[in-house]
Amino acid sequence: MERMQFTTSIDAPVATVYDTMIGKETFKQWTSVFNPSSDYEGGDMEGSWKKGSKVLFVGTDKQGKREGMVGYIRENTPNQFVSIEYAGILDGEREITEGPMAEDWQGFENYTFKEQNGSTTVTVDIDVNDQMVEYFRNTYPKALEKLREICEHN
């Protein structure tokens, strides 16, 4: 497991960036870089990502089967900090949160937001299993670029 960090600066107020990052429709847009069918279910009141709530981060694989991550919102301070703890994976309708397959994906993904002079810096700290390091190194910056485009052009 490796802790990776990605940062981007977005020319938009922090509230816009925060709302865009976790808002139901805009989340699907910026995370489409990872999977074109990327979405989430749960999060309490669909999209509030209330502390303690369970969120399934879902998409479909090339064969159309549901897959994704099982997560829990551990912290959510609006416009400042969001912490997601991943407990395991989603395999079709099955949640796998125990055993070696789940352990490969357990860890945290944290979003930190800082506004200065109307511009927002987003920092993502994420625990990544060894097989996915190269993928995230290439893909996460593209996802944050997409987030920036959405925030700056809406």
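Throughout, numbering of the chain's residues begins at 1 and tracks the sequence. Predicted model, so just to flag it, every value in this text is computed and none were measured.
Side-chain atoms of S37 and N35 include a donor-acceptor pair closer than 3.5 Å. When only modelled atom types and interatomic distance are considered, T26 and T20 share no side-chain donor-acceptor pair under 3.5 Å. Using a 3.5 Å distance cut-off with no hydrogens or angles, the side chains of S119 and D11 do not pair a donor with an acceptor.
Contact between S38 and F27 at its shortest, heavy atoms only, is OG-CE2, 4.4 Å. Looking at every heavy atom in both residues, T97 comes nearest to Q106 through O-NE2, 3.3 Å. The nearest pair of heavy atoms linking K142 to V33 is CB-CG1, 3.8 Å. A102 and A87 make their closest contact through CB-O, 4.1 Å (heavy atoms, listed as atom of the first residue, atom of the second, distance). Nearest heavy-atom pair across V17 and C151 is CA-SG, 3.8 Å.
Aromatic ring centres of Y86 and F108: separated by at least 6.0 Å.
Around the CD atom of Q116, the shell of radius 6.0 Å holds no more than 12 heavy atoms that belong to other residues, nucleotides or ligands.
The shortest distance between side-chain heavy atoms of E67 and T60 does not fall below 4.5 Å. Proximity of T112 to V122: side-chain heavy atoms (C-beta onward) are nowhere separated by under 4.5 Å. By the 4.5 Å heavy-atom criterion applied to side chains, V58 and Y40 are not counted as neighbours. Within the 4.5 Å cutoff, the side chain of L144 has heavy atoms near those of the M21 side chain.
The side chain to side chain donor-acceptor pair (under 3.5 Å) search around R137 returns E134, not counting sequence neighbours.
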In sequence, state the C-alpha distance, the side-chain angles, and the governing distance for I10 and T8, and then conclude on side-chain contact (heavy atoms from CB on, under 4.5 Å).
CA-CA 6 Å; I10 298 174; T8 191; 4.0 Å; yes
Stepwise side-chain contact (heavy atoms from CB on, under 4.5 Å) test for V82 and N110
CA-CA 6 Å; V82 175; N110 297 329; over 6 Å; no
Any chance you could lay out the side-chain contact (heavy atoms from CB on, under 4.5 Å) test for T16 and E152, step after step, and finish with the verdict?
CA-CA 9 Å; T16 300; E152 291 180 355; over 6 Å; no
From CA spacing to verdict: side-chain contact (heavy atoms from CB on, under 4.5 Å), R3, I126
CA-CA 6 Å; R3 170 63 55 110; I126 184 170; over 6 Å; no
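Both I89 and M132 belong to a single network of hydrophobic side chains, linked directly or stepwise wherever heavy atoms of I, L, V, M, F, W or Y lie under 4.5 Å apart. M4 and V124 fall within the same hydrophobic cluster, defined by Ile, Leu, Val, Met, Phe, Trp and Tyr side-chain heavy atoms under 4.5 Å apart, directly or through other members. Residues I84 and I96 share a hydrophobic cluster, clusters being chains of Ile/Leu/Val/Met/Phe/Trp/Tyr side chains in contact below 4.5 Å. Cluster annotation: F136 is connected to W30 through the hydrophobic network of ILVMFWY side chains, with a link wherever side-chain heavy atoms come within less than 4.5 Å. In the hydrophobic clustering of this structure, L56 does not group with M101; members are Ile, Leu, Val, Met, Phe, Trp, Tyr whose side-chain heavy atoms approach within less than 4.5 Å, directly or through other members.
Put simply, CD on Q131 and CG on D104 are 5.5 Å apart, with the number rounded to the nearest 0.5 Å. To the nearest 0.5 Å, atom OG1 of residue T123 and atom NZ of residue K114 are 6.5 Å apart. If you take CG on N129 and CD on E103, they are separated by 12.0 Å, rounding to the nearest 0.5 Å.
Judged by distance alone, with hydrogens and angles left aside, the side-chain atoms of D61 form a donor-acceptor pair with the main-chain N or O of K65 at under 3.5 Å.
Between R148 and E145 a salt bridge is recorded (basic side-chain N to carboxylate O distance below 4.0 Å). The pair K54-E41 fails the salt-bridge criterion, with no side-chain N (NZ, NE, NH1 or NH2) lying under 4.0 Å from an Asp/Glu carboxylate O. Here E149 does not pair with K146 in a salt bridge; the nearest charged N to carboxylate O distance is not below 4.0 Å. Salt bridge present: K24 and D39 bring a charged side-chain N and a carboxylate O closer than 4.0 Å.
Using the six-membered ring where Trp is involved, Y140 and F6 have ring planes that are parallel, under 30° apart on the 30 and 60° scheme.
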Side-chain polar contacts of residues 68-77 - donor-acceptor pairs under 3.5 angstrom, sequence neighbours left out - could you list them?
residue: R74; atom: NE; partner: E85; partner atom: OE1; Å: 2.7
residue: R74; atom: NH2; partner: E85; partner atom: OE1; Å: 3.3
residue: E75; atom: OE2; partner: K51; partner atom: NZ; Å: 3.1
residue: N76; atom: OD1; partner: Y18; partner atom: OH; Å: 2.7
residue: N76; atom: ND2; partner: Y18; partner atom: OH; Å: 3.2
residue: N76; atom: ND2; partner: S48; partner atom: O; Å: 3.2
residue: N76; atom: ND2; partner: W49; partner atom: O; Å: 2.8

